[in-house]
Structures are given as structure tokens and as C-alpha cells.
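Note that the coordinates shown come from a computational prediction; the quantities given were computed from them, not determined experimentally. Hydrogens, waters and symmetry mates play no part in the numbers below; they use all other heavy atoms, side chains included. Starting from 1, each residue takes its place in the sequence as its number.
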Amino acid sequence: GGSPGRQLELLKGLRDIASGSEGLMQRELAALQLEVVDRLKRNAARLNVSERKALNVAEAQALASAGRRNEAVNAYTRLVETHPDDAAIARGYAEILLTGDDRRSQEQALVAWRNVLARTRPNTPAWYEAKYATALAHFQLGDRAAAAKMIELLFTIDPEMGGAAMKRKFLDLLERSR
């Protein structure tokens, strides 16, 4: 129950808790989020434009967390079409595409991550994550040479590669790409 605003706050809180969990707990929290989403959708007419957007984003994130990938891709596709300039939505869309195990998903993920990368301020944590995801998409497409080249170029320009944790990820991917 409660007002739509309070229910949206509940969704945000559940998402925050779920982001720190894994496995079964994450899926159970996602299922709970989807229950709240369904309740809110029944009263969508009471929501303003920004609340409807927040609800749709929460649904897409919860579907992804629940392991309902195809539904999450569809939800994110609608969001990207409706909000093409929203960086968080573009990133969520790119992330879910990268989890696909078919060539088409990986090709779409590469395009989506390039889009995120082009819109992200260089040398920020988000930029390094987008660089890594772009290289990973190349790798998953079987273009190991392109992944290695990206990482080697980045290493030449910035030997720190965004910090110790990111550098480990990049170097691990570089090793697998060779």
C-alpha cells in the first residue's frame, strides 16, 4: 500500500539492497520488486511522467536481476527509444545486451557500449567500465585482436588504466585475448 511516491521509494530501497546481494537473494529481491512494480502499474494513471519513467527503469532492472533477460532487453529497448539521452538507461541496456550468448546480442552490445563510451567523460570510472565492456564485447564476438588492440592502446595512453581493480580486469582480458 501507500502512495505511489512511497512505493517508488520502496522500489529504490529494494534495488539498493539487491545490488549488494548475489544469487538466490538477489533473485528473491527482484521478484519482490516486480510485485511492487505490478501494483504500481495498476495505478499508473496516478503517476506523473518522472514517476512512470522511474517505474519503468525499476521494472527493467528487476527483470534483469530476476534472470528474465529477454523481458529485460525488451523493457530496456522501450526505455532507450523513449529516453535516448538518458545515460543510466543506455548503460543498463548495454549491460543486459552484453549478457547475451548469441552473436546478435553481442553485436548490439558492442554498438550500445560504443554509444555509452562516446557519451561518457573520459578518464572517469564510468568511462573505464565502458572501455572494458567494449573490449569484452569484441572478445565475446570472437574478435580477440580488436579487444587486445583496445587494451594495449589504453595501456600505452594510461598505464594505470583507471586504478588497480580496473587494471586487473583489463590485463586479465588482454591475457585471454592473446
Among the clusters formed by ILVMFWY side chains lying less than 4.5 Å apart, do [X] and [Y] turn up in the same one?
X: F139; Y: L153; value: no
X: L8; Y: L32; value: yes
X: V111; Y: V116; value: no
X: L98; Y: L63; value: no
X: L40; Y: L29; value: yes

If you round to the nearest 0.5 Å, how far is [atom2] of [Y] from [atom1] of [X]?
X: Y132; Y: K169; atom1: OH; atom2: NZ; answer: 5.5 Å
X: T156; Y: E152; atom1: OG1; atom2: CD; answer: 7.5 Å
X: L14; Y: S21; atom1: CG; atom2: OG; answer: 10.5 Å
X: E160; Y: K167; atom1: CD; atom2: NZ; answer: 5.0 Å
X: M166; Y: L171; atom1: CE; atom2: CG; answer: 10.5 Å
X: L173; Y: Q140; atom1: CG; atom2: CD; answer: 8.5 Å

Do you know the tightest heavy-atom contact between [X] and [Y]?
X: I151; Y: L174; result: CD1-N, 3.7 Å
X: D86; Y: I89; result: OD1-N, 3.0 Å
X: A135; Y: A147; result: O-CB, 3.3 Å
X: L47; Y: P4; result: CD2-CB, 3.2 Å
X: L154; Y: M161; result: CD2-CE, 4.3 Å
X: A64; Y: A72; result: N-CB, 3.6 Å

Is a donor on one side and an acceptor on the other found under 3.5 Å between the side chain of [X] and the backbone of [Y]?
X: N56; Y: R52; result: yes
X: Q33; Y: E59; result: no
X: K131; Y: L117; result: no
X: Q106; Y: H138; result: no
X: T77; Y: V73; result: yes
X: D143; Y: A146; result: yes
X: R121; Y: W127; result: no

Apply side-chain contact (heavy atoms from CB on, under 4.5 Å) to the pair V57 and Q61, showing each step before the final yes or no. CA-CA 6 Å; V57 169; Q61 291 170 335; 3.8 Å; yes
For L136 and R176: C-alpha separation, side-chain torsions, deciding distance, then whether side-chain contact (heavy atoms from CB on, under 4.5 Å) applies. CA-CA 10 Å; L136 182 60; R176 292 186 294 150; 4.3 Å; yes
Please walk me through it: do N74 and R78 pass side-chain contact (heavy atoms from CB on, under 4.5 Å)? CA-CA 6 Å; N74 292 336; R78 288 188 300 274; 3.8 Å; yes
Got a salt bridge between D38 and R42, using NZ or NE/NH1/NH2 to carboxylate O under 4.0 Å?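 Answer for the salt bridge query: no.
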Any salt bridge linking K12 with D16? Criterion: basic side-chain nitrogen under 4.0 Å from a carboxylate oxygen.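 Looking at K12 and D16, the cut-off is met.
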Would you check, one step at a time, whether the test salt bridge (charged side-chain N to carboxylate O under 4.0 Å, His left out) holds for R168 with D172? CA-CA 6 Å; R168 275 191 301 279; D172 176 59; over 6 Å; no
With a 6.0 Å cut-off (strictly less than), is the heavy-atom count around NZ of K149, excluding the residue itself, greater than 12?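 It does not: K149 NZ has 12 such atoms or fewer within range.
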Pair R91, T120: side-chain N/O donor-acceptor within cut-off below 3.5 Å: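 Absent: no donor and acceptor within the cut-off.
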Do we see a donor-acceptor contact under 3.5 Å between the side chains of R119 and N115?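 A pair is found: one side chain offers a donor N or O, the other an acceptor, under 3.5 Å apart.
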Would you call the rings of Y76 and Y93 parallel, tilted or perpendicular if under 30° counts as parallel and over 60° as perpendicular?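 Judged by the thresholds at 30° and 60°, the geometry between Y76 and Y93 is tilted.
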Taking side chain as C-beta onward, heavy atoms only, is E95 less than 4.5 Å from W113?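 Yes, side chains in contact.
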Worked check of side-chain contact (heavy atoms from CB on, under 4.5 Å) between N43 and Q7: CA-CA 11 Å; N43 296 311; Q7 289 183 45; 5.8 Å; no
